[in-house]
Amino acid sequence: MAKEITSRNENYSQWYNDIVIKAGLADYSAVRGCMIIKPYGYAVWEKIQAQLDRMFKETGHQNAYFPLFIPKSFFSREASHVEGFAKECAVVTHYRLKNDASGMGIVVDEDARLEEELIVRPTSETIIWNTYKSWIQSYRDLPILINQWANVVRWEMRTRLFLRTTEFLWQEGHTAHATRQEAVEEAERMINVYAQFAREWMAMPVIMGRKSEAERFAGAVDTYSIEALMQDGKALQAGTSHFLGQNFAKAFDVKFLNSEGALDYVWATSWGVSTRLIGALIMAHSDDNGLVLPPKLAPTQVVFVPIYKSREELDRISSVVSQLRNELHAVGVTTHYDDRDNYKPGFKFAEYEMKGFPIRIAIGPKDLENGTVEVARRDTLQKQIVSSNSLGKFIIGLLDDIQNNLFSKALEFQRQNTTVVNSYDEFKSVIAGKGGFVLAHWDGTPETEAIIKDETKATIRCIPFDSKPEEGKCIVTGKPSMQRALFAQAY
RNA sequence: CGGGGUGUGGCGCAGUUGGUUAGCGCACCUGCUUUGGGAGCAGGGGGUCGUGCGUUCGAGUCGCACCACCCCGACCA
C-alpha cells in the first residue's frame with residue numbers, strides 16, 4: 001500500500017494532510033472547500049458527540065433542531081453580529097432550475113427568485129431568538145436550555161481539512177435565562193464542560209480564559225474559550241462559550257415578566273464545538289507513523305492480528321481470539337479482528353499504526369503454545385508479551401495508561417512551550433523562534449493588540465481564568481497591567 | 001484576492017530537441033508458494049495524457065485561454 005507520510009519536520013502542513021487522508025478520516029470533495037468525512041473520521045466524531053451529548057444532558061440541556069435557512073432580515077437585527085458574519089454567508093436567491101433554452105444543460109430559473117433571500121446559517125442565534133420570543137412570557141418559562149447538532153456554512157477564503165472548511169458539523173447550545181448572573185454561570189459552566197472534555201477525553205490540555213474585545217464573538221458581551229497548543233507551536237481554539245447579555249433579546253424583542261411583575265429582557269448564552277476538534281486531536285498527539293488516538297475516543301481500541309502459516313493454524317488462532325474478544329467486550333473494550341488473508345502481518349501493523357488504534361494484539365503459533373499474546377501500544381510503540389489469562393484486566397489498565405500518557409506528554413509539551421516574557425523584544429523573538437504560548441503584560445486596549453498582531457502575527461488567545469493578578473507594564477506601551485494575557489500565533 | 005506549485009490507469013511518478021503500439025512503481029484480478037514489521041514468482045485487466053481552441057504531415061510534448069486542486073500570505077471557528 002506504500003502509505004508513507006511526510007514527516008513533521010519536513011513539512012508540518014503536509015504531514016497533517018497526509019494523516020487525514022491516509023488514516024482514512026476524510027477526503028477532498030468535488031466541492032471547493034468542502035470535505036467528505038469518511039466512515040473512520042465520522043466514527044471519531046460520533047465518539048465525540050456521544051460523550052459531549054451525555055455531558056450536555058447531565059447539565060440539564062435538551063436537543064432540538066432549527067432550520068438551516070435564515071431569512072436575511074433576521075441577520076441585520078443585531079448590528080455587530082451581522083458585521084461579524086456578513087462576509088462569509090452563502091445566500092439562497094432562487095428556488096428552481098430549468099432546462100437552458102439553447103439546450104445547454106440546466107440553468108437557474110430567473111422567474112423563481114425568492115421574495116426574501118435566505119442565508120445558510122453560519123450560526124443560529126438569530127433564528128433561535130426569533131423563536132424564543134414566542135416561547136417566553138414569564139420567568140416560569142425560563143431557563144430554556146437547548147442544544148442542537150447541526151451543520152453550518154461559513155464561506156472561507158482558505159480551507160483546511162477539519163480545521164476550517166466551508167461546511168462543518170458542530171453543536172450549538174442556546175440558552176435563555178431570567179438573570180444576568182444565571183446566564184454568566186451557564187456560559188462558565190459550559191466552557192468548563194468543554195475543558196473537562198478536552199482534558200479527560202481528548203487527553204488534550206487546554207487553557208481556559210476570556211477573549212479580548214477584538215477576538216470576541218460578534219454579538220457577545222463576553223466570550224470564553226479553551227485554547228490548545230499544537231505540535232508546531234500554534235494555538236488552536238477548541239471551543240467557545242458566549243455570554244450574550246441581552247443583545248439578542250433586545251434585537252428580537254424577547255421580554256419576560258419577572259417574579260416582581262416587571263418586564264425585562266431575557267439573558268442569553270451560546271456555546272459550541274465543531275469537527276475542528278478532530279483536527280485538534282490529530283495535531284495534539286499524532287506522530288510520523290500516523291494518527292494517534294486517545295483510547296476514550298478511538299472508534300476501536302484493540303485490533304487483533306493473527307500470525308499463521310496454515311489454514312488450520314488460523315482456525316486455532318481465530319477460536320482463541322474469539323474468546324479473548326468476548327472477554328474484552330465484557331469489560332467494555334471495543335475490538336476488531338483482522339483476519340484478512342491477502343495482507344501480511346507487517347502490513348497490518350503499519351496500517352493500524354497509521355489509523356491510530358491504541359492497542360494491537362498479535363497472536364501466533366508461539367503464543368498458542370505459551371498461552372500468551374504480543375501487545376503493542378500505539379503511543380510509545382512498545383511491545384510486550386503478556387499472558388492471555390485475565391487479558392481484560394490488563395487491557396483496561398493499559399488503555400488507561402495510554403490515555404494518561406497522552407495527556408501527560410501533551411501537558412509537558414505545553415509547559416515546555418509556554419514562555420513568560422517581560423519585554424516586546426523578548427516577545428518577538430519567542431514568537432518568531434520557538435513559538436508556542438507566550439504570557440505577557442498587555443494594557444488591555446484593542447489598539448495595542450492590533451499592533452502586536454500586525455507586527456508578529458500573534459494574537460491574544462485568551463486572558464486565562466487561573467492567572468494570578470500580577471502588576472506589570474504592557475510590553476508595547478509600558479502602561480500598567482494587572483494581568484498577563486496568553487498570546488500565540490493561531491490556526 | 002496576491003505569490004508559488006501540480007494536473008498523464010485507483011494512487012505516486014517518468015515521458016528527451018514534437019515522430020507512429022504512452023511507460024514505470026504501488027494497488028487491482030487469477031494461480032502457486034508465503035505469513036512474528038509494509039511477501040515472492042508467473043500470468044492478466046485498466047489511460048479520449050485536466051478542458052477548449054490553435055500551430056503542424058504529425059501534439060502528452062509547442063502557443064493561447066480556461067478549469068480544478070495543493071502550499072504560502074491577507075480574512076476567520
Side-chain angles (χ1 to χ4, degrees), chain A residues 1-4 6 11-18 20-22 27-35 83-89 122-123 152-172 194 211 214-218 223 225-228 235-242 270-277 279-280 289-290 305-311 313-314 317 338-354 360-370 372-374 376 381 383 385 453-454 457 459 461 489-491:
Chain A
M1 231 178 222
K3 271 193 175 177
E4 267 133 45
T6 309
N11 184 340
Y12 190 85
S13 301
Q14 194 54 48
W15 166 80
Y16 175 83
N17 287 336
D18 284 353
V20 172
I21 301 296
K22 291 179 178 167
D27 253 340
Y28 293 103
S29 77
V31 185
R32 186 207 297 268
C34 295
M35 66 174 170
E83 204 187 323
F85 285 106
K87 286 172 297 189
E88 50 190 41
C89 285
T123 178
V152 286
V153 167
R154 295 182 188 176
W155 216 266
E156 301 288 351
M157 292 176 186
R158 192 172 153 218
T159 57
R160 296 200 60 189
L161 295 168
F162 287 116
L163 296 174
R164 179 170 299 104
T165 46
T166 298
E167 179 191 15
F168 58 95
L169 306 183
W170 78 344
Q171 58 68 217
E172 45 181 329
Y194 290 154
K211 285 289 189 186
E215 297 282 328
R216 189 187 294 156
F217 175 72
T223 290
S225 75
I226 52 170
E227 301 286 332
L236 185 108
Q237 178 175 301
T240 53
S241 177
H242 318 290
S270 68
W271 27 274
V273 298
S274 72
T275 38
R276 179 181 241 203
L277 287 182
N289 294 310
V305 176
I307 292 152
Y308 58 94
K309 291 198 196 304
S310 64
R311 175 78 214 182
E313 201 162 68
L314 175 62
I317 290 168
D338 186 352
D339 60 354
R340 289 177 298 176
D341 193 36
N342 51 338
Y343 294 104
K344 288 185 60 171
F347 177 90
K348 294 177 183 176
F349 293 174
E351 183 173 15
Y352 292 107
E353 272 160 25
M354 179 68 72
R360 178 187 73 235
I361 297 179
I363 172 162
K366 289 181 220 156
D367 297 302
L368 288 184
E369 222 172 283
N370 305 328
T372 57
V373 293
E374 182 198 74
L381 298 172
K383 293 189 277 199
I385 305 296
K453 182 177 179 181
D454 201 45
K457 291 178 198 150
T459 50
R461 302 321 305 150
Q489 290 185 355
Y491 274 97

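Residue numbering restarts at 1 for every chain, and letters A, B, ... go by the order of the sequence lines.
- Comparing P345(A) and R160(A) along RNA chain B, the residue whose closest nucleotide (by nearest heavy atom) sits nearer the 5' end is P345(A).
- Applying the 4.0 Å criterion to OP1 and OP2 of G36(B), one finds that K366(A) has every side-chain N and O outside that range.
- In this entry the distance linking CG of D341(A) with P of C28(B) reads 13 Å, nearest Å.
- Across the C1' atoms, A65(B) and C24(B) are found 33 Å apart, a figure rounded to whole Å.
- Distance, W170(A) CH2 to C76(B) P: 16 Å, rounded to whole Å.
- Within the shown strands, U33(B) is the pairing partner of A39(B) under the Watson-Crick or G-U definition, both distances less than 3.5 Å.
- C29(B) sits 26 Å from A14(B) when the C1' atoms are compared, rounded to a whole Å.
- Taking the ring axis of Y491(A) as reference, the NZ or CZ atom of R164(A) does not stay both within 45° of it and closer than 6.0 Å to the ring centre.
- Pair assignment for G47(B) gives none, since no Watson-Crick or G-U wobble pairing has each distance under 3.5 Å.
- As judged by a 4.0 angstrom heavy-atom cut-off over every strand, P365(A) is placed among the base-contacting residues.
- If you check every strand for non-hydrogen atoms under 4.0 Å, E156(A) touches a base.
- G58(B) and G19(B): their C1' atoms are spaced 7 Å apart (whole Å).
- Here NZ of K348(A) is found 6.0 Å from CZ of R340(A). Values are rounded to the nearest 0.5 Å.
- For S13(A) and C72(B), the shortest distance from a side-chain N or O to OP1 or OP2 is below 4.0 Å.
- Across the strands present, C53(B) finds its partner in G63(B); the criterion is a Watson-Crick or G-U wobble pair with both atom distances under 3.5 angstrom.
- At a threshold of 4.5 Å between non-hydrogen side-chain atoms, the residues N17(A) and R160(A) count as touching.
- Side-chain atoms of Q14(A) lie closest to C70(B) of the nucleotides C70(B), U35(B), G73(B).
- The residue T165(A) sits close to a base: some heavy atom pair falls under 4.0 Å.
- Distance CZ (F347(A)) to C1' (G37(B)): 12 Å, rounded to an integer number of Å.
- The shortest distance between the side-chain N/O atoms of N17(A) and the OP1/OP2 oxygens of C70(B) is not below 4.0 Å.
- C76(B) and G4(B) are spaced 23 Å apart, taking the C1' atom of each and rounding to whole Å.
- Under 3.5 Å, the side chain of K383(A) and the base of G36(B) form no donor-acceptor pair of N or O atoms.
- Between the CD1 atom of I317(A) and the P atom of U35(B) there is a distance of 12 Å, rounded to whole Å.
- In terms of position on RNA chain B, the residue among A350(A) and K87(A) whose nearest nucleotide sits closer to the 5' end is A350(A).
- With A77(B), G38(B), A74(B) as the candidates, the nucleotide lying closest to the side chain of E351(A) is G38(B).
- A22(B): no Watson-Crick or G-U partner with both key distances under 3.5 Å is found in any strand.
- Across all strands shown, the partner of C69(B) is G5(B), judged by Watson-Crick or G-U wobble contacts whose two distances both fall under 3.5 Å.
- On the P atoms, U61(B) is 15 Å away from U55(B), given to the nearest whole Å.
- Contacts of F168(A) with the nucleic acid, taken as non-hydrogen atoms under 4.0 Å apart, include base atoms.
- Residue contacts for D367(A): at a heavy-atom cut-off of 4.0 Å it reaches a base atom on one of the strands shown.
- Checked by atom type and distance alone, the side chain of Y308(A) never pairs as donor or acceptor with a backbone atom of I363(A) at under 3.5 Å.
- Between the side chain of E353(A) and the base of G37(B) there is at least one donor-acceptor pair of N/O atoms closer than 3.5 Å.
- A heavy-atom distance below 4.5 Å is found between the side chains of E215(A) and R461(A).
- When the C1' atom is compared between U56(B) and C41(B), the two are found 47 Å apart, to the nearest whole Å.
- Side-chain N or O atoms of S274(A) include one that pairs as donor or acceptor with a backbone N or O of R276(A) at under 3.5 Å.
- Rounded to the nearest Å, the gap between the C1' atom of C28(B) and that of G9(B) is 11 Å.
- Base contact: R360(A) has a heavy atom under 4.0 Å from a base atom.
- Side chain to side chain, D338(A) and Y343(A) fail the donor-acceptor criterion of an N or O pair below 3.5 Å.
- What separates CG of D18(A) from P of C71(B) is a distance of 10 Å, to the nearest Å.
- When rounded to the nearest whole Å, the span between CD of E374(A) and C1' of G37(B) equals 9 Å.
- For W155(A), the CH2 atom is loosely surrounded, since the number of other residues' heavy atoms within 6.0 Å does not exceed 12.
- Spacing of C1' atoms, G60(B) relative to G47(B), comes out at 11 Å, to the nearest Å.
- Atom pair L163(A):CG and C72(B):C1' shows a separation of 16 Å (rounding to whole Å applied).
- A distance of 14.0 Å separates CZ in F217(A) from CH2 in W271(A), rounded to the nearest 0.5 Å.
- Taking only side-chain nitrogens and oxygens, K344(A) comes nearer than 4.0 Å to OP1 or OP2 of G36(B).
- The side chain of Y343(A) contributes an N or O atom lying less than 4.0 Å from OP1 or OP2 of C28(B).
- The R164(A) side chain lies nearest to C76(B) when the options are A77(B), C76(B), G36(B).
- The separation between K348(A) atom NZ and G38(B) atom C1' is 12 Å, rounded to whole Å.
- A sub-4.0 Å separation between OP1 or OP2 of C76(B) and a side-chain N or O of R158(A) is absent.
- For K457(A) and C72(B), the shortest distance from a side-chain N or O to OP1 or OP2 is not below 4.0 Å.
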